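Have a look at the structure below before the remarks.
What you are looking at is a predicted structure, and each value in this text was computed from that prediction instead of being measured. Values below: every heavy atom of this structure, side chains too, minus hydrogens, waters and symmetry copies.
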Amino acid sequence: MPQRSVLIVLFDGVQSLDVTGPLEVFAGAEKQWPGSYRIRTASLGGAPVRTSSGLTLVPNAALTTEPDPHTLLVPGGQGTRLPDPELTEWLRAHGPRAERLVSVCTGAVRLAQAGLLDGRRATTHWAYCDSLARNHPAVDIDPDPIYVRDGPIATSAGVTSGIDLALALVEEDLDRETALTVARHLVVFLRRPGNQAQFSAQLAAQTARREPLREVQRWITEHPDADLSVEALAARALLSPRHFARAFHAETGMTPGRYVDRVRLEHARRLLEDTADGVEEISRASGYGTPEAMRRAFVKALGAAPAEYRRRFRPTAPAR
């Protein structure tokens, strides 16, 4: 088994969990397969750094003394808000030499500043997607997934999604059982696909200010199998369909149809992950009506049919 070197870049204002989350995943895999990973941390000049939470991290070395790694990981944090020309130049020179370039959270900002994401699809923390897209128009920003793979470059969303991405990389490098064992030790689920949305449907949309619209949001969540047409929802809110559609979008940030689609997809995914119900039963319970309608929705949103989604992301029952 070839050893893969992992170099994690440190800088003042880094988010500590962006560093330690992936580091613990790779370290856990190394414990199972000694020699599989060589994990190092480095900063400019090799100096200790202070994280955004006040924790001090002492790197293994200076960036300039480290050989080009297999995996170069750039975490995020408040420190990415301030330009760092020296670090940007180092990333511009050394980023392309890594076999795999990874960012966690706003680490994508560092990569974009170095021109390493130009022409690539990428993501970052939801709160910074708009500014990243605005400041770096050559980057194709996708605000929805928890992580995105584009060739040798992988970018992830906020904080804990770095753990999801690291687990996916371990599964790719070693095997699924190793990644599952690491996930169990960290008490996290190995079932979040990269194209899972950063938010649940309820969090992705704003909560409406007016009680009739908030009640409609609750109704949709609790009754995904009901008639959720604009006309039916408008009747519940005692509004005309046209007025309801406008008000719902204005107060939640998305159309009623998109909100319903997200709720139904989320409900179906939860049933696939947590129950043994058949696809036909789940399609009815989630409001799709037929397995074919649910399959089309899954393929469009997740790139996988329901049966494949269940096979990949339902937790494995522990041995008795």
Side-chain angles (χ1 to χ4, degrees), residues 1-11 14-44 49 57 59-77 80 87-88 90-117 120-124 145-157 159-176 178-179 181-183 186 188 190 192 194:
M1 180 183 299
Q3 184 181 67
R4 294 173 173 85
S5 58
V6 178
L7 180 61
I8 303 176
V9 177
L10 301 184
F11 50 86
V14 71
Q15 162 66 250
S16 57
L17 192 54
D18 287 3
V19 176
T20 58
L23 188 152
E24 290 291 345
V25 171
F26 289 118
E30 164 65 19
K31 289 178 182 177
Q32 292 186 65
W33 294 95
S36 55
Y37 291 106
R38 178 179 181 269
I39 309 160
R40 303 276 288 176
T41 59
S43 67
L44 290 171
V49 303
L57 300 179
N60 297 116
L63 284 171
T64 54
T65 65
E66 287 294 294
D68 293 325
H70 173 277
T71 299
L72 178 61
L73 189 149
V74 182
T80 61
L87 181 54
T88 297
W90 187 90
L91 288 171
R92 184 176 289 118
H94 294 268
R97 300 178 189 174
E99 293 188 39
R100 191 162 60 194
L101 188 57
V102 177
S103 71
V104 180
C105 196
T106 53
V109 173
R110 294 286 194 210
L111 298 186
Q113 290 169 344
L116 299 173
L117 297 182
R120 299 281 188 178
R121 179 170 167 262
T123 194
T124 188
I146 59 173
Y147 62 82
V148 167
R149 303 288 300 275
D150 189 338
I153 298 178
T155 54
S156 60
V159 194
T160 57
S161 62
I163 296 175
D164 294 292
L165 176 54
L167 286 167
L169 298 178
V170 166
E171 181 177 354
E172 177 182 294
D173 294 342
L174 303 175
D175 55 43
R176 181 170 176 79
T178 299
T181 301
V182 173
L186 296 178
V188 297
L190 183 68
R192 292 215 296 173

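Of all heavy-atom pairs between Val182 and Gly28, the closest is CG2-C, 3.8 Å. Closest of all the heavy-atom pairs between Ser43 and Pro59 is OG-CG, 3.4 Å. Across Leu7 and Leu63, no two heavy atoms sit closer than the pair CD2-CD2, 4.2 Å. Closest approach of Gly76 to Phe11, counting heavy atoms only: O-CZ, 4.0 Å. Here the closest heavy-atom approach between residue Ser5 and residue His70 is recorded as OG-N, 2.8 Å. Taking each heavy atom of Ala114 and Leu91 in turn, the nearest pair found is CB-CB, 4.0 Å.
Using a 4.5 Å cut-off on side-chain heavy atoms (C-beta onward), Val102 and Leu72 make no contact.
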Exercise. Test Arg149 against Glu172 for salt bridge (Lys or Arg N to Asp or Glu O under 4.0 Å), laying out the working first.
Key: CA-CA 12 Å; Arg149 303 288 300 275; Glu172 177 182 294; 3.0 Å; yes

Self-check item: Worked verdict on Thr178 versus Asp175 for side-chain hydrogen bond (donor to acceptor under 3.5 Å, both in side chains)
Solution: CA-CA 6 Å; Thr178 299; Asp175 55 43; 2.7 Å; yes

Quiz item: Can you list the steps and then say if Tyr37 with Val170 is a side-chain contact (heavy atoms from CB on, under 4.5 Å)?
Solution: CA-CA 10 Å; Tyr37 291 106; Val170 166; 3.7 Å; yes

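Not one N or O on the side chain of Gln3 forms a donor-acceptor pair closer than 3.5 Å with the backbone of Ser36.
To the nearest 0.5 Å, atoms CZ (Arg38) and CZ (Arg4) are separated by 15.5 Å. The distance from atom CD1 of Ile8 to atom CD of Glu66, rounded to the nearest 0.5 Å, is 11.5 Å. Rounding to the nearest 0.5 Å gives a distance of 10.5 Å between CD1 of Ile39 and OG1 of Thr71. Note that OG1 of Thr65 and CZ of Arg40 are 7.5 Å apart. Values are rounded to the nearest 0.5 Å. The CD atom of Glu30 lies 11.5 Å from the CG atom of Leu23; values are rounded to the nearest 0.5 Å. Atom OG1 of Thr155 is separated from atom CG of Leu111 by 8.0 Å, given to the nearest 0.5 angstrom.
When the shell of 6.0 Å around CH2 of Trp33 is examined, it contains 12 or fewer heavy atoms from other residues, nucleotides or ligands.
Under a 4.0 Å N-O distance rule, the pair Asp150/Arg121 does not qualify as a salt bridge.
A side chain to side chain contact (heavy atoms under 4.5 Å, CB included) with Arg110 holds for exactly one of Leu117, Val9, Val74; it is Val74. Partner of Val19 under the side chain to side chain contact (heavy atoms under 4.5 Å, CB included) criterion, chosen from Leu73, Val49, Val104, Leu10: Leu10.
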